[in-house]
Structures are given as C-alpha cells and as structure tokens.
Amino acid sequence: MLWNEQSWPIIDALNRDTPVVIPLGSCEQHGHHLPVFVDTIQVQAVADGVERAMGDRVLMLPAIWVGSSHHHLDYPGTISLPPELYTSVIKHMVRSVLHAGFKRLFFLNGHGGNEVPVSQALAALVAESDEADRAYLGIASWWSVGRDALEPKKLNLTTPGISHACEVETSMMLAIRPDLVDQAKAIEPKPVLQSEWFNFEYGGKVGIYRRYHRLSAPGNMGAPKAATKEKGEAMLNGVIKDVVRFLEEFARWPELPEVGPK
C-alpha cells in the first residue's frame, strides 16, 4: 500500500505492526553512461515490486531522492545533503512515523553514502527516546538484503559485486530504464589502489574515505561494458523476492520486553 495515496483516516485505521518502508536514493554522478538519478530509479523499482507483491501488508513511502553524496560533488550534476543534515532529516522522518503509532520502520537504501548517516540517526534515536527504543528501526541497502540474488556465479557476472555505475548497476538500469543508458560511453578505469586490506571498488577489511575525484576520472568503477538487460532482470526480480521475504518476517518479530538490568 502506498502511504502517499491514502487519506489520514485510512492510515490511522491500519495495524500498527504493518512495516513502514522508506526507500532512500540520491542524485549523483554515475559516470558518462548513466544518469545522475540511478540510485533513486533503482531503489524505487525495487520498492514498487515489493509493494505490488505485498499490497496492504506494507506501507510504502515514495523514495527520498536526495541523499548524502558530498564525496561526488566534484562532478557536476550531484545534489547532496551533508551527512550531519541527512542524519537530522532521517531522525525527524522516524519521529513522524513513530508519532503516528507505527512500530516497525525500515529504510530500504539505494545509495552507499546514506548508510552511515542513517545508521547514526537510528542509533541516536534509540539512545535518546524510549518510544524509538520500543520500536523496530532498521536500514539495509538493496544489494545487502538481496546478496544471495546477486551472487556473481549465479548471474555470470565478470566482477565480484557492486561498486559504482558498474556491471551490477548498469545491468539494473538496462532492465529498468534502458532509454537512460548509453553503454557506448561506458569507460572502465583501472583501480587506483589495490591492497589485501582495501579495494576502493569492492571494499575490504579496513574502511578508507576519499572523495571520488581521486578514485575515478569518469566517475564510475567496475565493468559496465559487461552489463546486460538479462542480468539486470534477474537481479531485480531476485532482490524484490528477498526484500519481501525479509519484510514478511520483520512484521512477525515479537515485541522485545525489558529483561535487564537485574
């Protein structure tokens, strides 16, 4: 059920254990071959599929199109909120949902840069507010919830996973909005740093933070030339199924009473 298409009496009459899902996107550069709205388009497509599958068993808000993308601001087209402001925005959104009486809130994330400020918002709310502490507040990126659906061998991927405007994201866009993809302009830059501890494309054991203009001249990573619509369709369908499975279980999780200190 779409939150934004209901009247307040309909929302007020719903079971307060209904999961409320807020998709999070961004508006940031994605190389020469993809539009700046990739993250929002992708997470909205996942959210739409989840809402179609679950109907009134979920309350789905529209995707928040602006994210925390300051590390991409050196590339024109990026619009961003700084991390501390994004954290504040998320906190106020959560308070609004909790004030309406709902107790299960899940942020379905579509941009890696949102993960830290959203996690900070939820951690702070639980520390500050008994109302938040009594609720289930969660966040996960679609590629984390759908990790099994994105297994490289299953999809015949040439790369080990998702990075940025890469084989995975380009395939997803070919499945969702092929009219916005210009694969002829795709560039596959060489990694600027390879280490057993960290890889700027696929992460590693150590967290390292740099702006993107030091990591990729065109703004993307990975192997977008290897992307196909067929891979994207398999990814999208698999991720939707995994998100639905999670939300169905999330709706049944029991209340957690205080058990300490004793």
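In this text the structure is predicted, and so the values were computed from the model without any measurement.
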Can you measure from CE (Met60) to CE (Met1) and round to the nearest 0.5 angstrom?
12.0 Å
Side-chain donor/acceptor of Glu258 to backbone N/O of Gly260, under 3.5 Å
no
Arg147 atom CZ, neighbour heavy-atom count above 12 within 6.0 Å:
no
Drop me the distance from Leu193's CG to Ile208's CD1, to the nearest 0.5 angstrom.
8.5 Å
Are side-chain heavy atoms of Val36 and Thr78 found at a separation under 4.5 Å?
no
Any Arg177 side-chain heavy atom under 4.5 Å of Val181 side chain:
no
Report, as yes or no, whether the 6.0 Å neighbourhood of atom CZ on Arg214 holds more than 12 heavy atoms from other residues, nucleotides or ligands.
no
Give me the ring orientation class for Phe246 and Trp253: parallel if the planes are under 30° apart, tilted from 30 to 60°, perpendicular past 60°.
perpendicular
Please say which of Val21, Val244, Val243, Leu59 ends up in a side chain to side chain contact (heavy atoms under 4.5 Å, CB included) with Met54.
Val244
I'd like to check Asn220 versus Pro189 (side-chain heavy atoms, cut-off strictly below 4.5 Å). Are they in contact?
yes
dist Lys103:NZ -> Asp17:CG (nearest 0.5 Å) comes out at 4.0 Å
For Cys27 versus Gly77, what's the shortest heavy-atom pair and its separation?
SG-O, 3.7 Å
Under 3.5 Å: donor-acceptor pair, side chain of Ser171, backbone of Lys229
no
To the nearest 0.5 Å, how far apart are CG in Leu34 and CD in Gln29?
10.0 Å
Shortest non-hydrogen contact from Val206 to Phe198?
O-CD1, 2.6 Å
Residues Pro19 and Ala251: closest non-hydrogen pair is CG-CB, 3.7 Å
Leu108 and Val43: which non-hydrogen atoms are nearest, and at how many Å?
O-CG2, 3.3 Å
Check: Glu201 side chain, Ser163 main-chain N or O, donor-acceptor pair, under 3.5 Å:
no
For Val38, does its backbone N or O pair with a side-chain atom of Glu169 as donor and acceptor, under 3.5 Å?
no
Do the ring planes of His111 and His71 sit parallel (below 30°), tilted (30 to 60°) or perpendicular (above 60°)?
parallel
Examine distances only and state if a side-chain atom of Ser141 and a backbone atom of Ser144 form a donor-acceptor pair shorter than 3.5 Å.
no
Gap separating the CZ atom of Arg104 from the CG atom of Leu98, nearest 0.5 angstrom
12.5 Å
One pair to check against side chain to side chain contact (heavy atoms under 4.5 Å, CB included): Glu28 and Tyr212. What are the steps and the verdict?
CA-CA 11 Å; Glu28 64 178 34; Tyr212 243 75; over 6 Å; no
Keeping the roles fixed (side chain from Glu151, backbone from Lys153), state whether a donor-acceptor pair exists under 3.5 Å.
yes
Verify, without hydrogens or angle tests, whether Ser88 (side chain) and Glu84 (backbone) share a donor-acceptor contact under 3.5 angstrom.
no
Donor-acceptor contact present, side-chain Thr40 to main-chain Ser26, <3.5 Å:
yes
So if you build clusters from Ile, Leu, Val, Met, Phe, Trp, Tyr with side-chain heavy-atom gaps below 4.5 Å, do Leu24 and Val66 land together?
yes
Check against side chain to side chain contact (heavy atoms under 4.5 Å, CB included), His70 and Ser80:
CA-CA 6 Å; His70 268 45; Ser80 174; 2.7 Å; yes
Pick out which of Val20, Asn114, Ile22 makes a side chain to side chain contact (heavy atoms under 4.5 Å, CB included) with Phe107.
Ile22
Side chain to side chain, Leu247 and Phe106, heavy atoms closer than 4.5 Å:
yes
Heavy-atom side-chain proximity of His33 to Pro218 below 4.5 angstrom:
no
State plainly whether one hydrophobic cluster holds both Leu215 and Val116, where clusters connect Ile, Leu, Val, Met, Phe, Trp and Tyr through side-chain heavy atoms under 4.5 angstrom apart.
no
Mind listing the closest non-hydrogen atom pair of Met221 and Pro224 along with its distance?
O-CD, 3.9 Å
Please check this pair: side chain of Tyr136 against backbone of Pro254, looking for a donor-acceptor N/O pair closer than 3.5 Å.
yes
Hydrophobic cluster membership, Trp65 vs Met93, 4.5 Å side-chain cutoff:
yes
If you define the side chain from C-beta out and look only at heavy atoms, does anything of Val239 sit under 4.5 Å from Trp143?
no
For Arg95, does the CZ atom sit with more than 12 other heavy atoms under 6.0 Å from it, leaving out its own atoms?
yes
I'd like to know if the side chain of Gln183 reaches the main chain of Ala227, judged simply by a donor and an acceptor atom lying under 3.5 Å from each other, with no hydrogens or angles considered.
yes
Nearest 0.5 Å, what's the CG-NZ distance between Leu125 and Lys91?
5.5 Å
Joint hydrophobic cluster, Tyr202 plus Trp197, side-chain heavy atoms closer than 4.5 Å
no
Do Glu233 and Asn237 meet the criterion of a side-chain donor-acceptor pair at a distance under 3.5 Å?
no
If hydrophobic clusters are built from ILVMFWY residues whose side chains come within less than 4.5 Å, do Leu256 and Phe250 share one?
yes
Within a strict 4.5 Å, meaning less than it, do heavy atoms of the Ile162 and Trp142 side chains meet?
yes
What heavy-atom pair brings Thr18 and Phe102 nearest, and what distance separates the two atoms?
O-CD2, 4.0 Å
Please assess His30 against Met173 for the test side chain to side chain contact (heavy atoms under 4.5 Å, CB included), listing each intermediate value before the final yes or no.
CA-CA 11 Å; His30 275 75; Met173 287 299 293; over 6 Å; no
Is the closest side-chain heavy-atom distance between Ile139 and Ser119 below 4.5 Å?
yes
Derivation and outcome, side chain to side chain contact (heavy atoms under 4.5 Å, CB included), residues Arg134 and Asp130:
CA-CA 6 Å; Arg134 287 191 293 268; Asp130 288 342; 3.6 Å; yes
Ignoring hydrogens and angles, state whether a donor on the side chain of Thr87 or Gln120 is under 3.5 Å from an acceptor on the partner side chain.
no
